[in-house]
Number of protein chains: 2
Amino acid sequence: MGDKWSVLVVMLLGDGPRRFSDLKRAIEGISQRMLTLTLRGLERDGLVARTVFPTNPPRVDYSLTSLGHTLIEPVRALGAWADENRFEIQRAREDFDRRTTAELAPASSRSAVGEGA
Amino acid sequence: MGDKWSVLVVMLLGDGPRRFSDLKRAIEGISQRMLTLTLRGLERDGLVARTVFPTNPPRVDYSLTSLGHTLIEPVRALGAWADENRFEIQRAREDFDRRTTAELAPASSRSAVGEGA
DNA sequence: CAGCATCCTAATAGATACTG
DNA sequence: CAGTATCTATTAGGATGCTG
C-alpha cells in the first residue's frame, strides 16, 4: 500500500506477532476500522499472516510473513531518513509558507530566478 | 509526502533537472494539476528546487535539492523491493481474492486456525 | 510553455453502533 | 476480543477554460 498506517503496522510486527487490540493500542490515533482495513490489505498482499485462535474470547494474532519480513529493511531505511530529516523538512515548510504567505506583499516573485541557459 | 506521484518525480529528477512538460510527458497518467500540486509539495518540503528562466516562452526547471538527493537511495531501495516482489504480491492478491470470493460457498472460514497457545 | 482557478465526482477517513 | 455495518465529512483527483 504505502500509506502511513501500513508502514507503522509493518514496523510494529517486525518485532514479533501482535494481537488486534494490542496493535490498536500501540498505534494510537488509528481507528479500529482503519486498523481492520490496513491489516486486511496487508494480508491480501501476502505481507501479513492472520491466525485465529478459536478460544473464548476470540484471539487473533497478526505476524509478518517471510515476504513481509523482507519489507522491513527498506521501510526502516525510509523511516530512518524521515526521522533524520524531519527538522530540516519542518524548517523548509515554514520557510516556504512564510514566503508564500507574503503573496500579498509583492515586489518579489516566489522562486529562484535562473540565468538564461 | 509518500504518495506515488512524488516518488516518481523524485526518481526522475534523480537523473538530473527536468522541465514541467518534460515531467508531464515522462510520467504519463498524471494530470497537469497533480503534477503542479506534487511539485509544489516537494518544493515546500525542501526536496525540489524550482528555477524560473524569464524567457519567452517561459521555462521552469525542477531539480532535486541536496536534501532531495539523500532521499533517492531509500526510495530506490523501496522501489527495487516493489519491483522484485510484484509478482509474488500479485499472486497473493489473486489467492486472497479467490479465497474471499468463496465467501458464499462456506464450510471453511477465511483464515488459518492456530492451535491454542 | 507553465501554470492557476473552478467545478465536480469518486474514493477515503473517521465516528458510532452493533454482533459472535 | 475482534471485528462488521453504516453514515458523514474530508480529501484526492480529473476536466476544462484562461493567463503571462
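Below, chains carry the letters A, B, ... as their sequence lines are ordered, and counting in each starts from 1. Nothing here was measured: the structure is a model prediction, and the numbers come from that model.
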*Electrostatic pair B:Asp97-B:Arg99, nearest N-O below 4.0 angstrom*: no

*Look at B:Ser31 and D:dG13 and indicate whether a side-chain polar atom (N or O) is within less than 4.0 Å of OP1 or OP2.*
no

_Phosphate OP1/OP2 of C:dA5 contacted by B:Arg33 side-chain N/O (<4.0 Å)_ = no

*Rounded to the nearest angstrom, tell me the gap between atom CZ in B:Phe53 and atom P in C:dG3.*
12 Å

*CE of A:Met34 versus C1' of D:dT8: gap in Å, rounded?*
15 Å

*Could you pull out the closest heavy-atom pair between B:Tyr62 and B:Val48, with the gap in Å?*
CD2-CG1, 3.8 Å

_Gap between atoms CG and P, on A:Leu39 and D:dA2 respectively (whole Å)_ = 11 Å

*hbond_proxy B:Gln32 side chain to C:dC4 base (donor-acceptor, 3.5 Å cutoff)*: yes

*Between A:Ile30 (CD1) and D:dG3 (P), how many Å, whole number?*
13 Å

*Determine: side-chain N/O of B:Tyr62 to OP1/OP2 of C:dC1, distance under 4.0 Å, yes or no.*
no

*Looking at D:dT4, D:dC1, C:dG3, which one has an atom nearest to any side-chain atom of A:Pro58?*
D:dC1

*B:Asp45/A:Arg93 ion pair, N-O < 4.0 Å*: yes

*On DNA chain C, nearest-nucleotide positions of B:Pro57 versus A:Trp5: which is more 5'?*
B:Pro57

*asked:* Looking at B:Arg91 and B:Asp95, is there a salt bridge between them, counting it only when a charged N and a carboxylate O are closer than 4.0 Å?
replied: yes

*OP1 or OP2 of D:dA2 sitting under 4.0 Å from any side-chain N/O of A:Arg19?*
yes

_d(NZ, A:Lys4; P, C:dA13) in whole Å_ = 10 Å

*Gap between atoms CG and P, on B:Asn56 and C:dG3 respectively (whole Å)*: 15 Å

*Once you round it to whole Å, what is the distance between P of D:dT4 and CG of A:Leu37?*
9 Å

*Ion pair present between A:Glu73 and A:Arg76, side-chain N to carboxylate O less than 4.0 angstrom?*
no

*Expressed in angstrom and rounded to an integer, what is the separation of A:Arg50 atom CZ from D:dC1 atom P?*
16 Å

